[in-house]
Amino acid sequence: MLFNSVEFALFYILVTTLYFVCPYRYRWIILLSASCYFYMAFVPIYILVLGFTIVIDYLAGIYIEKQQDPRKRKMLLVVSLISNIGILAFFKYFNFINLNIDYIAHEFNWHNPIPYLTILLPIGLSFHTFQAMSYTIEVYRGNQKAEKHFGIYSLYVMFYPQLVAGPIERPQNILYQMHTKYPFNYQLMTSGLKMMLWGFFKKLVIADRLSIFVNSVYNNPDLHNGTTIVIASLFFAVQIYCDFSGYTDIAIGCAKTMGFDLMKNFNRPYFATNIQDFWRRWHISLSTWFRDYLYIPLGGSKVSTGRRYLNLFIIFAVSGIWHGANYTYIIWGALHGLYSVVYVIIKPYLRKDSENEFINTITRVTNTLITIVFVTFAWIFFRANSVTDAFTLIHNLKSFGARPFMGDGVSNFAHSLLAIAILFAVEYKMEFIPKRFNWFTSRNIVVRWGSIALTVFLLLILGVFNGGQFIYFQF
Amino acid sequence: MRQRLVIKFLFRFIAFCIVLFVLDRIIGYGFKTAYFNQKVGQFSQTTYAVDSARADVMVFGSSRAVRHYSTTVISKELGLSCYNSGRDGQMIPYSAALEEVSLNRHKPKLIILDINPWELANNPSKYEKLTILQPYCDEHKELIPYISEVSAFERYKLISKVYPYNSSIFILATNALFPKSVKKDTAGYLPLEGVMTPAYLTEYTARMKARYERIKVNKEVPEEKGIAYFKKFLDNAAKFNIKTVVVISPTILKEPFYLDNQTVEKQLVVDITKKYPNVTFLDYSSDARFNGQPQKFSDEFHLNRYGAEEFSTGFARYLKANRVVE
């Protein structure tokens, strides 16, 4: 079930109503049943796979907590991690590994007898697997008590707003909320709904509009000149941000209406002034997951300089693999790893803040633009259908300056630019003048209702309602 | 206390929905007025095709119909009035919808359908693009099944009076602010002016051949729903015994459907049209007067004005000589 569907609108109204109508002690049943239904709307049988990992991690959590022997505790953790990573590897990476074996076998004239799997990837597998892993790791580290209530633990993994594309929650932030009694809260309900509205705006008006042009260019890489490719790549940078952060806003808003507080996942990443800053603002729940469970255990920054660079590179390469079993994602991750290492090396030599405010502004704008250029270049690999396509696109960049292709008519292109202008205005306001023009929360009802109504009508007038699913659903 | 908050929320939510409903009617009315008062451009051409066209010869199809069939030439050659109802970016479901609406109002003497084999291949966009018919659904309920192809809930979205004008604001604004910049059609016919260069033709031919090497391994699977719409179009014309000509208009490359891996769809067009005694099928895709003649084309898909008028003249003379229409 997609958030941008009529089915979801009906589902959401029904579940939220039932949630508030039911006595507190039965609410977890409502949410868990709704989450099961939501998940089974994609491929029903995969609920068994999810159920299997839930049982393993639930039991692992309880036994890790009970167990005093450190070796046995570690063994239980390893069993839990292997189960999770094993399922992830089987569904997501089996065919990719097999393809590589095939390639090597071909080079040596050897026949690879391993057949390919012809099954769909369970939706949101990487997200709920990482969320489940963070639970057992935190219980092992003693930061989180094991959850004894099987239903609540299942809900922690399956909570429908963030089940398929995050934010990847930590047990310390969300598990206690599953036990908390949330009465109906007018403020949370209205602010949650407004957040959902803005999420839908980002998805339908911006991301899906830009995808029309982006798809027509990226699906025919050999047909387009450098100018068109630059425009399409910049459009994709905005598209993926609005697609993913739009989903996140809907998820956070949806949970908020029921009283839950999910973690922030985006913080206006295209205002970042360097690559580290970008990763502090982009997909925060994944970046912090890798920091806490991979970078720090590898030694983090408390190791030799060379090892530190290697650690940095490793987490970005793994992040690339996490996104998908394809060399395009691996190169994308490696590029970000490379950017980060280079940034850490050159950071001491970069200009410090000047006393002149004007120079500071110019420096900041320049740094932001440079960051956007590097991030957008890496997005070419992320979006291209294959590595060959990505290199074709990069090769065609040499014709930058030629007359650009306008896509399916000038109208769509103009709508795309209008959508980007609206996004920029809103993000600029939130970044630099957060206390002004807060129309959605204005005390004046005409301004408040007027701005919400305007957003609704812009959605109706400019939205693309037959757009596809969210990009991150495939991960 | 909590109950009061719930009531407060519900009361305000309902009040806000009423405000939205009223605004939707007001803004929707504004859009409707602007849309149906268009004097030039494709919106006004579609409006005329849906609401008013009563010509003896009606042309249906995609952009290749709008750009290839000169209504002036056909009228002059046949001595009959002619209107071109084709529309850029559209395919056979749109043609079937327009034909159904037209036949409910008027029975022409001749129907011309410009078809491309790819219209019978799998391509979901041919249904998504039917949303352009939404502004007409209030007056023409027979269009609702067509727009339901976009999604099962599409008909319910029409409760909003603004939604039918989705994505049209830029064209409406341009037409209102710069009416002189919009090309005026001649009874629906809107020729292209550019000329394709020989160098571009060489490059395009090489590209298509390279593409064919990539796609030739793909099995051609025609789309049943697309075929059903094609048959529906022919059935509707046959029901009123209207002479119908199904045409594949000129293409820049010879055997383009072979290169496009669409030979199965092409054969389907031939086979299906044979079953209708009122239908004549004409294929200009291997016509040497047009194949490899870049001066007659504006781009790889469309004839320019010069090519279109030459084609329309030859086509109309053929119809006259073979007494396809009296």
Side-chain angles (χ1 to χ4, degrees), chain A residues 4-10 13 16-17 20-21 181-190 193 204-205 208-209 212 215-216 220 222-223 257 388 407-419 445-446 448-450 452-468, chain B residues 1-10 12-13 15-17 19-24 26-28 31 41-42 63 88-89 124-125 127-131 134 149-154 156-157 160-175 203-204 206-207 210-211 214 300:
Chain A
N4 51 332
S5 66
V6 177
E7 290 92 334
F8 177 75
L10 300 172
I13 293 168
T16 312
T17 308
F20 284 116
V21 166
K181 292 175 180 177
Y182 287 118
F184 178 86
N185 183 309
Y186 182 87
Q187 289 304 328
L188 289 180
M189 175 57 80
T190 52
L193 288 175
L204 301 175
V205 176
D208 286 350
R209 173 67 62 187
I212 298 170
N215 292 345
S216 63
N220 300 287
D222 38 1
L223 300 186
T257 57
T388 314
D408 198 5
V410 179
S411 168
N412 184 60
F413 200 81
H415 279 114
S416 301
L417 294 179
L418 179 62
I445 194 167
V446 177
R448 193 169 69 242
W449 282 24
I452 298 168
L454 178 68
T455 311
V456 171
F457 285 113
L458 283 175
L459 201 64
L460 285 172
I461 295 164
L462 302 173
V464 175
F465 290 87
N466 47 13
Chain B
M1 175 64 186
R2 199 155 53 86
Q3 208 173 357
R4 272 180 55 199
L5 281 178
V6 174
I7 292 167
K8 179 186 166 189
F9 170 75
L10 289 176
R12 289 204 171 187
F13 186 75
F16 182 69
C17 287
V19 170
L20 278 186
F21 183 82
V22 173
L23 284 174
D24 180 78
I26 296 167
I27 299 169
F31 269 110
Q42 290 216 334
S63 58
D88 284 354
S125 78
Y127 302 108
E128 289 161 9
K129 287 175 177 173
L130 290 172
T131 50
Q134 283 167 346
E149 290 285 6
V150 180
S151 85
F153 293 100
E154 211 58 25
Y156 304 108
K157 292 179 188 170
S160 163
K161 296 297 170 201
V162 170
Y163 179 70
Y165 305 97
N166 172 274
S167 300
S168 62
I169 193 165
F170 180 77
I171 295 173
L172 289 177
T174 311
N175 290 2
E203 192 255 335
Y204 174 66
R207 206 190 319 143
R211 182 171 174 268
R214 268 206 330 270
E300 58 266 51

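Chain A is the first sequence line, chain B the second, and so forth, proteins listed ahead of strands; every chain is numbered from 1.
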Enter the distance from [X]:[atom1] to [Y]:[atom2] here, rounded to the nearest 0.5 Å.
X	Y	atom1	atom2	value
B:Ile171	A:His415	CD1	NE2	7.5 Å
A:Ile212	B:Glu128	CD1	CD	9.0 Å
A:Tyr186	B:Leu5	OH	CG	9.0 Å
A:Met189	B:Arg12	CE	CZ	14.5 Å
A:Leu462	B:Phe170	CG	CZ	12.0 Å

Measuring heavy-atom distances to chain A, does [X] have an atom under 4.5 Å in its side chain, in its backbone, in both, or in neither?
X	value
B:Lys8	both
B:Ser167	both
B:Asp88	neither
B:Ile169	both
B:Ala173	neither
B:Phe9	both
B:Tyr156	neither

Next on the checklist: Within the structure provided, determine whether B:Asp24 and A:Leu460 are in side-chain contact (heavy-atom separation under 4.5 Å).
Outcome noted: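 SC-SC contact between B:Asp24 and A:Leu460 confirmed.
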Checklist entry - Do the non-hydrogen side-chain atoms of B:Phe31 and A:Ile461 ever get within less than 4.5 Å of each other? => result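 A side-chain contact under 4.5 Å exists here.
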Next on the checklist: Set out, in order, the CA-CA distance, both residues' side-chain angles and the distance that settles side chain to side chain contact (heavy atoms under 4.5 Å, CB included) for A:Ile452 and B:Phe16, then state yes or no.
Outcome noted: CA-CA 10 Å; A:Ile452 298 168; B:Phe16 182 69; 3.4 Å; yes
Checklist entry - Within a reach of under 6.0 Å around CZ of B:Phe13, are more than 12 heavy atoms found that belong to other residues, nucleotides or ligands? => result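 No - once you tally the heavy atoms of other residues, nucleotides and ligands closer than 6.0 Å, there are 12 at most.
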Checklist entry - For B:Thr131 and A:Phe465, what are the C-alpha separation, side-chain angles and deciding distance, and is it a side chain to side chain contact (heavy atoms under 4.5 Å, CB included)? => result CA-CA 10 Å; B:Thr131 50; A:Phe465 290 87; over 6 Å; no
Item to check | Among B:Val150, B:Val162, B:Val19, residue most engaged with chain A (heavy-atom pairs, under 4.5 Å) | outcome: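 Looking at each of B:Val150, B:Val162, B:Val19 in turn, B:Val162 comes out on top.
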Next on the checklist: Please classify the contact of A:Leu459 with chain B as side chain, backbone, both or neither, using a heavy-atom distance under 4.5 Å.
Outcome noted: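 Only the backbone of A:Leu459 comes within 4.5 Å of chain B.
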Item to check | Least distance between heavy atoms, A:Phe457 atom then B:Leu20 atom | outcome: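 Between these two residues, the closest heavy atoms are CZ-O, 3.5 Å.
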Next on the checklist: Looking at every non-hydrogen atom in both residues, tell me the closest pair between B:Ala15 and A:Trp449 and how far apart they are.
Outcome noted: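 Answer, listing the atom of B:Ala15 first, then A:Trp449: CB-CH2, 3.8 Å.
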